[in-house]
Amino acid sequence: MKTIIEPFRIKVVEPLRMTTREERERILRDAYFNVFNIPARDVLIDLLTDSGTGAMSSLQWSAIMRGDESYAGAESFFRFRDRVQEITGFDHILPTHQGRAAERILFELVGGPGKVVPNNAHFDTTRANIEHSGAEAVDLGIPEAADPTNRHPFKGNMDVGALERLIERVGVEAIPLCMVTVTNNSAGGQPVSLENLRAVRAVCDRHGIPMFLDACRFAENAFFIKQREPGQGQREIRDIVRDMFDLADGATISAKKDGLVNIGGILLIRDKALAQRADALLILTEGFVTYGGLAGRDLEALAQGLDEVIHEDYLAYRIRSTAYLGEKLLAIGFPIVEPPGGHAIYIDAGKLLPHIPPAQFPGQALVCALYREAGIRSVEIGSVMFGGGDHAPALELVRLAIPRRVYTQSHVDYLVEAAEEVYRQRTEFPGLRMTYEPPYLRHFTAKFEELPRS
Ligand code: F0G
């Protein structure tokens, strides 16, 4: 069969509200041209993020009724712990309310002034938590990742030579751990190969540096390994996942992605002494060790989600549906980050809209156009998110992130039709001026006005 269908049928539906172009024009203006200010009910297809926006299965919903809400030693914790242990091989498993809570605990323990933490590319909350501790966050992606059209099969890889040079420059004592993010969100949802993980591990071993994974999208990464890495095609996803975790001394996980739940996070630590100190911080800021930042029912849904996410038919559908959107956009003429990533398609708005300079936010102009045309919500990852002061991002991107198990192929086809129209009108989009700039994480609350069309 050529068509990879959604490997589920729909039992519960959530109506979408259609809006008119006039309504959307008003809504966009009322939101000061910042889609974070648009109420979700006014969005038709919401591609702001794949985080916490997925649909749970009937088995997850029924597991929720089983939730044991005991303060200590709840049955739900043991079911969660056993599932995480079975998949990752880790013994020490801390539940947190989401990924960044795991990051905060970890970097409060190992970060601090003078420390340097390398990663293939830090996600913004990871970077923020490292910097909040006083440490420095360094991105060491491979050079191919900087070229949107380069179709390297593992464009999320870490530059191992650059890691060696960093260790030489700052000294082993300054590096409390080395992180690898799978898949690499900031580089376009691109995977990291097992070979690269092993090479990073070898460098870390030579210098006695622990290696941690940021494993939010571990299952999607494993599927790419199965598809693309020589010698991996016949292996079970479960075994590839286990290989990835076996290479690590720890992991931070946002369960809102491949946990297939709407809230949750996990911190994994192999070192007993470090794990004990993490337990103490967990109790201080999240909750007792057998629930952390979650309710018993959340732990149940997560235990079930972690089983469903490594099913191969689910992953084949997931990765295929993202690629389908990417291929359709490429065929229209959109420059995108190639090859399509696992959880999202990233459009190169700088290249699409050369008449809008970075200072007038071409990414934001495209975000507004997609909303205006069809009520589609995307997110700018360029000068709005990372600019300001002397920072200038290398690329002006717009991310279309795909929620898990939420939209069908006809939603995507509708989106593609809207994108065709947007592409036709691209030379007419106005640039924007930021009229309000908050002191940090400015993209969430900034306000804009559209400049007169020239
Ligand atoms: N690490 C990566 C690679 C992420 O993509 C995210 C979240 C986090 C850590 C933090 O997890 O949100 O549970 O605290 N990414 C979302 C996104 C928000 O839209 O890409 P969290």
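Both counts, for ligands and for their atoms, begin at 1 and track the order of listing. Each residue takes its place number in the sequence, starting with 1. Please read these numbers as outputs of a predicted model, since none were measured by experiment.
When all heavy atoms are compared, the tightest approach of H411 to I45 is O-CD1, 3.5 Å.
Looking at heavy atoms from C-beta onward, E220 lies in side-chain contact with H343 at the 4.5 angstrom threshold.
Near ligand 1, T49, S51, Q98, G99, R100, E103, F123, T125, T181, N185, D214, C216, R217, S254, K256, K257, R399 each place a heavy atom less than 4.0 angstrom from the ligand.
In this structure a side-chain-to-backbone donor-acceptor pair under 3.5 Å is present from S76 to D68. Of the possible polar contacts, none joining the K115 side chain to the P176 backbone as a donor-acceptor pair under 3.5 Å is found. Within the 3.5 Å criterion, the main-chain N or O of I237 finds no donor-acceptor partner in the side chain of E312.
The stretch residues 242-264 participates, sequence neighbours left out, in these ring-ring contact (aromatic ring centres under 6.0 Å, His included) pairs: F218-F245.
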